[in-house]
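Heads up: the structure comes next, in structure tokens.
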Amino acid sequence: MSEERKIMVEEVETVEAPPKARVDSPPASGERQRDYLDGFLAAKPTPIAAGEPGGNLYDAVVDALKEIYDPEIPVNIYDLGLIYGVDVTDEAHVVVTMTLTTPHCPVAESMPGEVELRVGAVPGVGDAQVNLIWDPPWDPQKMSDEAKLELGML
């Protein structure tokens, strides 16, 4: 530890030049080669099924869920993190898996019925079913950033 660290400097007269980049000459005909992006740019996006995230029916169901507000907290149940899943079948049947903030919630009996009614009213939905689960339990970390901001938690 008593030794001092020194910086060594080496002086040189010349440095070997790096190899130059090789550039191929254009074809003799002067015709431009086909761009590899042509196929990519001309491709059409694959259609999203109506029941998949990003599909019309799925988005309409999520929009309907965002219109349902918790009576005690001024935040919709989707942003509050009470919705664990939205499954849409090919026949347009919707299954919503959700929880409540606590089993002793005052709307424990009425909220699943309201969700089922609102989702069933979405145009294109054949049948709506709500599965109320308690595991995993809800916690404030499931809330979206918008909900946390609304409640002053951010």
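- Between Asp127 atom CG and Glu116 atom CD the span is 7.5 Å, to the nearest 0.5 Å.
- Under the 4.5 Å side-chain heavy-atom criterion for Ile, Leu, Val, Met, Phe, Trp and Tyr, Val95 and Tyr58 are members of distinct hydrophobic clusters.
- The two residues Lys142 and Pro137 have their closest heavy-atom pair at CE-O, 3.5 Å.
- Distance CD1/Ile133 to CH2/Trp138: 14.5 Å, rounded to 0.5 Å.
- Two residues are said to be in side-chain contact when any heavy atoms from C-beta on lie closer than 4.5 Å; Val94 and Asp87 fail this criterion.
- In terms of heavy atoms, Leu132 sits closest to Pro112 at CD2-CG, 3.9 Å.
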Would Val107 and Glu114 count as a side-chain contact (heavy atoms from CB on, under 4.5 Å) here? Give the steps.
CA-CA 10 Å; Val107 293; Glu114 182 179 355; over 6 Å; no

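- Taken together through direct or relayed side-chain contacts under 4.5 Å among Ile, Leu, Val, Met, Phe, Trp and Tyr, Val62 and Tyr84 form part of one hydrophobic cluster.
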Evaluate side-chain contact (heavy atoms from CB on, under 4.5 Å) for Asn76 paired with Ile68, printing each intermediate quantity in order.
CA-CA 5 Å; Asn76 67 67; Ile68 304 170; 6.0 Å; no

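- The side-chain heavy atoms of Pro74 and Leu151, taken from C-beta on, include a pair separated by under 4.5 Å.
- Here the straight-line distance linking atom SG of Cys105 with atom CG of Asp70 works out to 6.0 Å at 0.5 Å rounding.
- No continuous path of hydrophobic side-chain contacts links Tyr69 to Leu82 [ILVMFWY only; heavy atoms under 4.5 Å].
- Once rounded to the nearest 0.5 Å, the distance linking CD1 of Ile77 with CZ of Arg118 reads 9.0 Å.
- Environment of CD in Glu91: crowded, with over 12 heavy atoms of neighbouring residues, nucleotides or ligands closer than 6.0 Å.
- Counting non-hydrogen atoms of neighbouring residues, nucleotides and ligands closer than 6.0 angstrom, the CG atom of Asn56 reaches no more than 12 such neighbours.
- Under the 4.5 Å side-chain heavy-atom criterion for ILVMFWY residues, no single connected hydrophobic cluster contains both Leu117 and Leu65.
- Cluster membership check: Ile73 shares its hydrophobic cluster with Val115, using side-chain heavy-atom separations under 4.5 Å among Ile, Leu, Val, Met, Phe, Trp and Tyr.
- No more than 12 heavy atoms of other residues, nucleotides or ligands sit less than 6.0 Å from atom CG of Asp90.
- Of all non-hydrogen atoms in Ala92 and Gly124, the two that sit nearest each other are CB-O, 3.1 Å.
- Taken to the nearest 0.5 Å, the CG atom of Asp145 stands 13.0 Å off from the CD atom of Glu150.
- Atom CG of residue Asp79 and atom NZ of residue Lys148 lie 11.5 Å apart, to the nearest 0.5 angstrom.
- Heavy-atom contacts from other residues, nucleotides or ligands closer than 6.0 Å to OH of Tyr78 number 12 or fewer.
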